[in-house]
2 protein chains.
Amino acid sequence: MAIERKATADPARSLAILWRTREPTSRSAGQGLSVDRIVRAAIDIADAEGLDALTMRRVGEALGVGTMSVYTYVPGKAELVAVMIDTAYGEMPRSAVEGDWRARLERIAHDNLALYQRHPWMLRAETTRPVLGPNLVAKYDHELGAVADIGLTDIEMDAVLTLVLGHVKSSARAASEVVDLERETDMTDGQWWQSHAPWLETFLTADSYPTASRVGTAAGQQHGGAYGPEYAFEFGLQRVLDGISVVVAERAASR
Amino acid sequence: MAIERKATADPARSLAILWRTREPTSRSAGQGLSVDRIVRAAIDIADAEGLDALTMRRVGEALGVGTMSVYTYVPGKAELVAVMIDTAYGEMPRSAVEGDWRARLERIAHDNLALYQRHPWMLRAETTRPVLGPNLVAKYDHELGAVADIGLTDIEMDAVLTLVLGHVKSSARAASEVVDLERETDMTDGQWWQSHAPWLETFLTADSYPTASRVGTAAGQQHGGAYGPEYAFEFGLQRVLDGISVVVAERAASR
DNA sequence: CAACGGGGTCGTACGGCGTACGTCGACCGC
DNA sequence: GCGGTCGACGTACGCCGTACGACCCCGTTG
């Protein structure tokens with residue numbers, strides 16, 4: 001029910017797979033099992049049914065193969081997930097670097113949001129000390145390109161990226177949970193809100209917590225409408241970019 | 001290895017416990033088991049050893065009681081976690097509302113960071129559609145107080161809070177993972193970085209990804225030093241607050 | 001062409017988890 | 001003193017990840 005633990009995939013093992021240290025043997029070169037086929041099957045399962053549905057038994061099944069055969073190509077589930085993550089990074093667009101830095105960062109934020117929408121399981125699998133696969137490195141390099149040459153120090157460039165991507169991840173997580181819950185409970189967020197309103201009013205009277213009840217109601221109605229997570233994402237992103245522009249302006253002025 | 005799934009604790013059941021709908025019977029009033037004792041024991045375990053170590057068997061053990069006895073007071077693990085979360089909120093300071101809005105938000109950010117440092121398991125257990133326990137409501141009301149009366153709409157007040165708390169959570173998660181990994185691997189972040197440097201240089205040459213290799217190295221050294229997650233937290237927080245001040249200024253000007 | 005060796009495959013089994021279910025004992029109200 | 005009720009808990013089920021060892025098939029070698 002929580003974030004992936006033993007997310008500590010053995011980095012060395014994962015890296016060996018990711019950077020293709022081992023060339024395929026003549027035997028396995030046929031149409032048999034392979035890391036690629038396993039990873040693709042695993043991603044399909046996780047995309048469609050979430051990280052909890054991704055079990056080693058399930059992967060074997062999907063490939064018409066015994067559960068333990070999977071372990072021939074992948075040392076364990078944690079390492080499989082690590083490879084899945086890097087593979088997903090590899091499928092991201094590397095939009096051309098055009099426009100000013102703000103437009104570029106905005107574009108990157110939206111690309112990453114789309115990534116999380118396509119692969120919601122990544123929200124629960126990623127760690128902050130990621131396995132440095134080739135696609136993550138390429139992604140990092142590409143994204144740094146958006147903030148290079150605007151007068152920031154290297155440390156600041158990294159911090160800016162961390163900030164923006166962190167915001168995207170927060171927002172994506174919120175949006176993803178709304179979708180999950182709407183499917184699990186067969187209720188839209190708005191319906192859920194309304195069905196709980198009477199209960200809330202029992203305890204959360206305007207007397208006891210006036211501000212919370214007023215603002216909570218307003219925010220709840222917003223969620224009921226078409227916009228909710230989307231608004232939080234856009235609002236937050238614009239605030240973050242505004243904040244970054246203050247630093248950029250400072251650096252430009254002192255040059 | 002991931003974020004709590006079936007985090008869908010049955011809200012009604014959780015709420016019933018949280019708002020103490022059921023008064024203690026004369027029988028159970030003695031020194032026997034109780035929701036409070038269970039929750040306290042569970043929080044102690046999770047604080048000390050993480051959410052993975054928190055099993056129902058373990059909770060029973062800690063209380064000198066059979067595993068299934070716990071289910072007399074709590075409908076399931078998900079609901080137990082929900083109550084743990086609200087309890088933790090209840091232990092937060094409600095710092096007096098003083099200073100300007102920026103100082104107040106900064107204070108709130110630091111209070112929430114401290115909460116996550118004391119209870120790192122919350123980073124993996126919280127959801128975005130939380131169970132509306134009494135302490136969460138009180139916390140929300142208190143935190144709204146920091147941004148009331150500065151000219152924002154209700155929706156914006158909620159969005160500002162969501163943004164700041166989202167940033168705190170991102171940063172706290174990063175910091176927490178660093179701590180976890182340093183314990184698990186018996187290596188500091190700096191040592192880990194250095195031990196992987198040769199490997200990285202093999203693939204990530206300055207030729208292939210000049211920006212990534214330069215900035216990554218700089219950021220890596222930063223992590224090796226005393227500051228890393230703390231810097232990311234403070235840098236991001238100041239940027240977020242700068243961004244918010246732009247909106248506040250706009251609203252003040254148009255009034 | 002026969003024998004061998006090794007690698008891909010997979011069945012079984014173990015120790016963990018959450019928890020459904022049914023029983024038992026002790027206490028409280030009468 | 002007694003009946004009913006409720007807290008406590010033992011057992012068991014179906015999941016999970018994966019260690020271990022057996023099998024089988026195929027490419028290589030003598």
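Contact annotation: B:Tyr71 does not reach the phosphate of D:dA8 (side-chain N/O to OP1 or OP2, under 4.0 Å).
Between D:dG7, C:dC17, D:dC16, one nucleotide has an atom nearer to the side chain of A:Thr55 than all others, and that is D:dC16. Checking D:dG7, D:dG17, C:dT19 against every side-chain atom of B:Met56, the shortest atom distance belongs to C:dT19.
Counted by atom type alone, A:Asp158 and B:Tyr231 present zero donor-acceptor pairs between their side chains at under 3.5 Å. Between B:Asn135 and B:Glu91, the side chains place no donor N or O within less than 3.5 Å of an acceptor N or O (distance only, hydrogens not considered).
Heavy atoms of B:Gly60 sit nowhere under 4.0 angstrom from any nucleic acid atom. Nucleic acid contact class of A:Leu54 (heavy atoms, under 4.0 Å, all strands): sugar-phosphate only.
A:Arg173 and A:Glu177 are not joined by a salt bridge, as no carboxylate oxygen comes within less than 4.0 angstrom of a charged side-chain nitrogen.
One interatomic measurement links the two molecules: CD of B:Glu61 to C1' of C:dC17, which rounds to 14 Å at whole-angstrom precision. Remark: P of C:dG16 and CD of B:Glu49 are 15 Å apart, rounded to the nearest angstrom. C:dA20 atom P lies 15 Å from atom NZ of B:Lys77, rounded to whole Å.
When side chains are defined from C-beta on, A:Leu123 does not count as touching A:Gln117, because their heavy atoms never get closer than 4.5 Å.
Donor-acceptor pairing under 3.5 Å, judged by distance alone, is absent between the side chain of B:Arg57 and the base of C:dG16.
We find the OG1-CD distance between A:Thr55 and A:Glu49 to be 10.0 Å, quoted to the nearest 0.5 Å.
For B:His110 and B:Phe233, the gap between ring centers is short of 6.0 Å.
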Distances under 3.5 Å between protein N/O atoms and the N/O atoms of nucleotides 10-12 of chain C, please, pair by pair.
| residue | atom | partner | partner atom | Å |
| --- | --- | --- | --- | --- |
| C:dC10 | OP2 | A:Gly66 | N | 2.9 |
| C:dC10 | OP2 | A:Ser69 | OG | 2.8 |

